[in-house]
Amino acid sequence: MGQAIPFDTHEYVKKLKAAGVPENQAEVHAEAIAKLVDERLVTKQYLDMRLAELKADITRELIKWILGVSAAQAALIVAILKLL
């Protein structure tokens, strides 16, 4: 996906155990959250990069559209002038 977000599963397990969660449950929780973080979360830096790419793509498409409309308009003007 994007850049990895660090998640310390060992530290998380220690905190859960300190709060009274049995070790096996704490480990399952840590694995589940680590998977969620790895598969679903992205960094701000990654989002900023993707946004910049999207802006560049939109700008390129807009320029192509403007040039196409301008060329069609010029051709229409030339055709009208030939009729006069």
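Position 1 is the first residue of the sequence; numbering continues from there. Just so we're clear, the structure is a prediction, and the values are computed from it rather than from any experiment. Only heavy atoms go into these numbers, but all of them, side chains included; no hydrogens, no water, no symmetry mates.
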Hey, can you pull the donor-acceptor pairs under 3.5 Å for the side chains in residues 50-69, sequence neighbours left out?
residue	atom	partner	partner atom	Å
Arg50	NH1	Glu53	OE1	2.3
Asp57	OD1	Arg60	NH2	2.2
Thr59	OG1	Lys55	O	2.8

Could you give the side-chain donor-acceptor pairs of residues 9-34 under 3.5 Å, partners two or more places apart or in another chain?
none

- Any chance you could measure Asp38, atom CG, to Phe7, atom CZ, to the nearest 0.5 Å? 11.5 Å

- Between atom CD of Gln45 and atom CG of Asp48, what is the distance when rounded to the nearest 0.5 Å? 8.0 Å

